[in-house]
Each structure stands twice: as C-alpha cells, then as structure tokens.
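Only heavy atoms go into these numbers, but all of them, side chains included; no hydrogens, no water, no symmetry mates. Each chain gets a letter, A, B and so on, in the order the sequences are listed, and its residues count up from 1.
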Protein chains: 2
Amino acid sequence: MLIVFKYLLTDLPFIDFSFVTMKKNTKKERFFAESLKLIHEKGFKATTMRDIASKLNFEVANVYNYIDSKNALLETFLFGMQDEFHDSLDEILDSSYDPKEKMHLVVSSYIQITSKRPYEQALLVNEWRNLKAPKLQEFIQRRKEYENKIKILFQEGVDNNQFENIDVEIATATILAALRWLYKKYIDSTIKINSLEIEKQLTRLIFNGISSN
Amino acid sequence: MLIVFKYLLTDLPFIDFSFVTMKKNTKKERFFAESLKLIHEKGFKATTMRDIASKLNFEVANVYNYIDSKNALLETFLFGMQDEFHDSLDEILDSSYDPKEKMHLVVSSYIQITSKRPYEQALLVNEWRNLKAPKLQEFIQRRKEYENKIKILFQEGVDNNQFENIDVEIATATILAALRWLYKKYIDSTIKINSLEIEKQLTRLIFNGISSN
DNA sequence: TATTTACATTAACAATTGTTAAGGTAAATA
DNA sequence: TATTTACCTTAACAATTGTTAATGTAAATA
C-alpha cells in the first residue's frame with residue numbers, strides 16, 4: 001500500500017506556518033524561530049523574555065514588538081500545530097478509504113507533519129501544560145476530539161475484521177504514543193532522515209509488532 | 001507464556017519507597033505524598049513551596065523540616081523511581097530466559113512498577129527536565145543506559161529470529177513509548193484497573209500489532 | 001528531671017520575572 | 001515633505017519565589 005505518496009508529493013492545504021519556521025531573515029521570522037528553539041531547549045517556564053531578547057541581541061522590551069505576551073507566544077505555536085494535525089486527520093477521515101488504509105494514512109501524515117515541524121511538535125507534546133485557564137481547557141478538549149476520532153477509526157477496523165479485537169482505548173493510546181516520540185529523532189539526528197524509511201518501519205511496528213512469527 | 005506471574009506473586013527486592021506513597025498518617029509520609037501529587041498536577045516549576053505548605057495546612061518554613069530544597073524533592077522522586085526500573089531490568093537480563101521471554105518480562109515488570117507508583121512515573125516522564133546541572137546529566141546518562149540495554153535485548157531477538165529485522169533504535173523507542181503513557185490510565189481511572197488485562201493487551205500490541213492477519 | 005525531637009510560627013532577604021512607560025532613530029510610505 | 005512603520009533604548013513597577021533566621025511549644029526520650 002503506497003497511497004502514502006499522496007502525502008509526499010502533494011501539498012495539503014495546511015495552514016501557512018512559514019512565518020514561524022522558515023529561515024528568512026526578517027526580524028519577525030527570526031524572533032519566532034529562535035523563541036521556538038529556546039522554549040524547546042529550556043522549557044516554557046524556564047525560558048524568560050530576557051533569554052529570548054538576549055538570543056536576538058536586543059533588549060527585553062523589544063520582545064513586545066512581536067508578541068503581546070509570553071502566554072500568547074506559546075498559544076501561537078500550540079494551536080497552530082494542533083490545527084495542522086486536525087486538518088490532516090479530517091481530510092483522511094472524509095475520504096472513501098477503508099479503516100486500515102485510513103490508519104496507514106494517519107501514520108503517514110503524522111510523520112510528515114512531524115518531519116516538517118519537529119520543534120513545534122516538541123512543544124505540543126511537552127509544553128501544553130503551561131497554557132493558562134481558558135486556553136488550556138480548549139487545548140485539552142481539541143486533543144480529546146482528535147483521540148476520539150482515532151478511537152472511532154480503530155473500532156471501525158475491528159468491526160471490519162481488519163484489526164485485532166483489542167481494547168480501543170489502549171490501542172489508540174499506544175498507536176499515538178508510538179508516533180509521539182518521533183520529533184526527537186528529527187531534532188537530534190545530525191544526518192538527514194529518510195521519512196519514507198521511518199514510515200515503513202513504524203508502520204510495520206504498529207500493524208505487525210516486533211514478533212517474527 | 002505466563003512467566004508473568006513471577007512478577008505478580010513475588011516481591012522483588014525493590015527499594016523501599018513506602019515513605020513516599022503509603023498513606024500512613026505520619027507527617028513526613030503525608031508531606032511526600034501530597035508534594036508528589038501537587039507536582040504531578042501543577043508541574044514542578046509551577047508548584048511553589050507555599051503551595052505545598054498550604055496543602056498540608058502549615059506555613060512555608062515548615063517545608064524545610066522535611067526536605068533540604070525544592071530541587072532535592074524532585075531528585076528524591078526521580079532517582080528513586082529510576083533505581084527501581086533499573087533494578088528490575090537488570091534482574092531480567094541476568095536470567096537465562098531467551099530474548100523474547102525477557103522482553104515479555106520487561107513489559108510485565110514495567111506495568112507492575114507503573115501500577116504501584118503511577119504518580120512517580122508521571123514525574124519520571126514529565127518532570128525530569130527540571131533537574132539541575134549535575135543531577136540532570138546523571139539522570140540522562142542512566143536513562144540512556146536503560147535504553148541501551150533494551151536495544152541490546154532487541155538486537156539479540158533479531159539475531160535469534162524471534163523478532164522482525166526492524167531498526168533497533170526505532171523499535172526500542174516505540175516499545176518504550178508504548179509503555180510510557182500507561183501511568184495516565186492508572187491515575188485517571190476511577191475504577192480499579194486489572195493489570196493482568198493491561199499486560200495482555202499491551203503485550204499483544206507490542207508483539208503482534210493491530211493487524212488481524 | 002533534663003534534653004532532644006518533631007513540629008510550628010512570624011518576618012524578612014535577595015533575586016527573578018513579565019510587563020509597561022516614555023522616548024528615540026532611520027527607513028519606507030503617503 | 002509629512003507621517004507612518006519598524007525597530008531600538010533605559011528605567012522602573014509589582015508580584016512571586018526559594019530560602020533562612022530567630023523563636024516557640026509540647027511530647028518523647030535519656
């Protein structure tokens with residue numbers, strides 16, 4: 001099954017995030033890119049506005065030329081990334097593929113998004129707890145919706161006899177956990193990573209496990 | 001394969017952590033138990049010494065009757081838990097079971113430790129970043145050692161033809177990721193969780209994946 | 001009985017932090 | 001040319017935080 005190329009060769013209508021990650025030299029783009037890396041490395045709470053200013057070689061007050069508050073900075077990264085995952089999942093679920101094919105596509109698109117924005121993914125995994133009162137609940141709610149869609153997809157596969165009759169919650173949590181660690185590989189690796197190979201290996205693990213027989 | 005019961009029926013020489021989790025009513029035990037939960041709920045950085053004192057209905061200064069510093073509190077939880085995982089892994093690896101049996105035992109003991117100390121496990125997963133300069137490196141080093149042991153075990157299984165020839169790093173990261181999320185289930189669930197059933201399902205996922213054929 | 005232990009208080013400290021005020025300069029735009 | 005935009009500065013603020021000092025009391029222990 002190589003419908004996978006759909007995701008490698010075409011560009012989905014993802015939200016334009018380029019101002020965050022692209023390495024153009026406008027100040028604003030540098031601000032978001034450097035902030036993102038700093039927050040990833042030190043953690044959101046441990047990263048001060050002065051740290052960010054220092055990294056960009058200017059004074060603290062200038063940070064507020066680019067963002068309204070420290071919390072708004074985190075929200076920008078987190079909700080932008082969350083939207084991207086949701087949009088790609090919805091497109092897959094709206095298609096006419098069968099459950100197993102859809103699950104393959106979920107894995108494929110998840111890897112692709114992670115490969116494009118490993119630092120944003122790191123924040124999504126590790127820093128969402130730092131969101132404040134109204135935004136935090138919103139984030140958790142949307143994440144639950146995402147997980148529910150995966151649950152439903154898995155259940156359809158079970159009903160379909162394409163998937164083993166495993167507890168839906170455990171299966172969903174495990175599948176997502178198997179994908180969620182991947183950003184580390186993209187961030188840490190010194191060599192260029194072959195995402196197609198990653199997809200092949202991860203797909204094999206998720207669908208067939210480690211046993212040889 | 002039900003060698004699993006080895007871990008359910010006997011008590012390994014785990015480090016005595018009871019002062020942390022047991023619900024006796026001595027002040028010191030309450031202090032550690034409530035601190036642990038608070039740090040889990042709010043995050044280490046967001047939990048203040050005053051939060052802890054407030055939870056225990058006394059003044060801030062009293063916190064220092066039980067622990068030398070805020071950092072020492074985190075270190076106590078993290079290194080105690082890390083020791084527990086290491087000890088149980090080493091015992092398995094030192095046995096004469098074959099790689100596949102050993103991997104089953106790793107899953108089994110991991111689940112057992114998680115079920116006994118879900119809150120400590122939550123800190124191990126989410127709060128280790130807050131360790132300071134010498135302790136942080138020590139922690140990371142030990143974790144790397146743990147992962148390396150799993151890698152070697154997996155490779156032995158590949159050489160043995162018991163496991164599929166999957167990239168060792170990817171397989172190891174995925175197996176551990178599949179186990180690491182589990183603390184949430186133990187913390188969030190209102191009903192008593194059947195760890196044997198969890199073990200059955202997770203083992204099936206890790207060894208055979210979700211596919212039915 | 002004398003003393004240590006366990007537990008508690010109030011008060012203060014120095015450092016760090018997010019944020020704002022008030023103002024300045026040079027280039028782009030109208 | 002007049003004005004807006006993008007970018008920068010110094011200075012200060014109020015709040016929060018980990019930690020310590022000095023002191024007290026009742027129970028357990030020697």
Side-chain angles (χ1 to χ4, degrees), chain A residues 18-20 22-36 38-78 123 127-136, chain B residues 18-20 22-36 38-78 123 127-136:
Chain A
S18 57
F19 70 97
V20 170
M22 278 180 59
K23 285 288 169 53
K24 291 237 184 96
N25 43 13
T26 78
K27 283 280 173 177
K28 189 160 189 166
E29 284 159 2
R30 268 204 73 213
F31 168 77
F32 280 102
E34 300 291 350
S35 298
L36 175 61
L38 260 181
I39 293 174
H40 161 66
E41 285 160 17
K42 311 189 67 173
F44 178 73
K45 275 253 164 59
T47 303
T48 70
M49 296 306 238
R50 283 163 181 84
D51 288 335
I52 295 174
S54 170
K55 189 86 168 191
L56 293 160
N57 288 309
F58 55 54
E59 300 301 313
V60 209
N62 291 322
V63 170
Y64 294 88
N65 291 332
Y66 304 106
I67 197 80
D68 284 345
S69 68
K70 199 189 171 193
N71 286 334
L73 187 55
L74 183 64
E75 290 160 16
T76 300
F77 291 125
L78 258 38
L123 296 210
E127 305 298 339
W128 61 269
R129 299 161 166 266
N130 296 299
L131 287 170
K132 294 297 168 194
K135 296 286 182 180
L136 176 62
Chain B
S18 56
F19 70 97
V20 170
M22 279 180 59
K23 286 288 170 53
K24 293 237 185 90
N25 43 13
T26 77
K27 283 280 174 180
K28 188 159 192 167
E29 284 158 3
R30 266 204 76 212
F31 167 77
F32 279 101
E34 300 290 351
S35 298
L36 175 61
L38 260 182
I39 294 174
H40 161 66
E41 284 160 17
K42 310 190 68 173
F44 179 72
K45 275 252 163 58
T47 304
T48 70
M49 296 305 240
R50 284 164 180 83
D51 288 336
I52 295 173
S54 170
K55 189 87 169 192
L56 294 159
N57 288 311
F58 54 55
E59 300 302 314
V60 210
N62 291 324
V63 170
Y64 294 87
N65 291 334
Y66 304 106
I67 196 79
D68 284 344
S69 69
K70 200 189 169 191
N71 287 333
L73 187 55
L74 184 63
E75 292 160 16
T76 300
F77 291 126
L78 259 37
L123 297 209
E127 305 297 339
W128 61 269
R129 298 159 166 268
N130 296 299
L131 287 170
K132 293 298 169 194
K135 296 287 184 179
L136 176 61

Distance in angstrom units between A:Glu29 CD and D:dC7 P, rounded: 11 Å

Inter- and intrachain pairs under salt bridge (Lys or Arg N to Asp or Glu O under 4.0 Å), touching residues 67-77 of chain B, at least two apart: none

Qualifying residue for side chain to side chain contact (heavy atoms under 4.5 Å, CB included) with A:Leu74, from A:Thr47, A:Ile67, A:Asn130: A:Asn130

Heavy-atom protein contacts under 4.0 Å, nucleotides 10-22 of chain C, coded B base, S sugar-phosphate only, - none: B-B----BBBBB-

Distance in angstrom units between B:Leu56 CG and C:dA8 P, rounded: 9 Å

Validation row: A:Tyr66, A:Lys27 side chains within 4.5 angstrom (heavy atoms): yes

Watson-Crick/G-U partner (both atom distances under 3.5 Å) of D:dA11: C:dT20

Phosphate OP1/OP2 of C:dC7 contacted by B:Lys28 side-chain N/O (<4.0 Å): no

Sugar-phosphate only, base, or nothing, as touched by A:Tyr66 at under 4.0 Å among non-hydrogen atoms: sugar-phosphate

Euclidean distance, atom CG of residue B:Asn62 to atom C1' of D:dT23 [Å, nearest integer]: 13 Å

Under the salt bridge (charged side-chain N to carboxylate O under 4.0 Å, His left out) test, residues paired with B:Lys42 that sit two or more places apart: B:Asp51

Whole-Å distance separating the CZ atom of A:Phe58 from the C1' atom of D:dT9: 12 Å

Below 4.0 Å: OP1/OP2 of C:dA8 and any side-chain N or O of B:Asn65: no

Residue of the set A:Asn65, A:Leu73, A:Asn62 for which side chain to side chain contact (heavy atoms under 4.5 Å, CB included) holds with A:Phe31: A:Leu73

Short side-chain to backbone donor-acceptor contact, A:Thr76 and A:Ala72, under 3.5 Å: yes

Counter-base of C:dA30, judged by Watson-Crick or G-U geometry with both distances under 3.5 Å: D:dT1

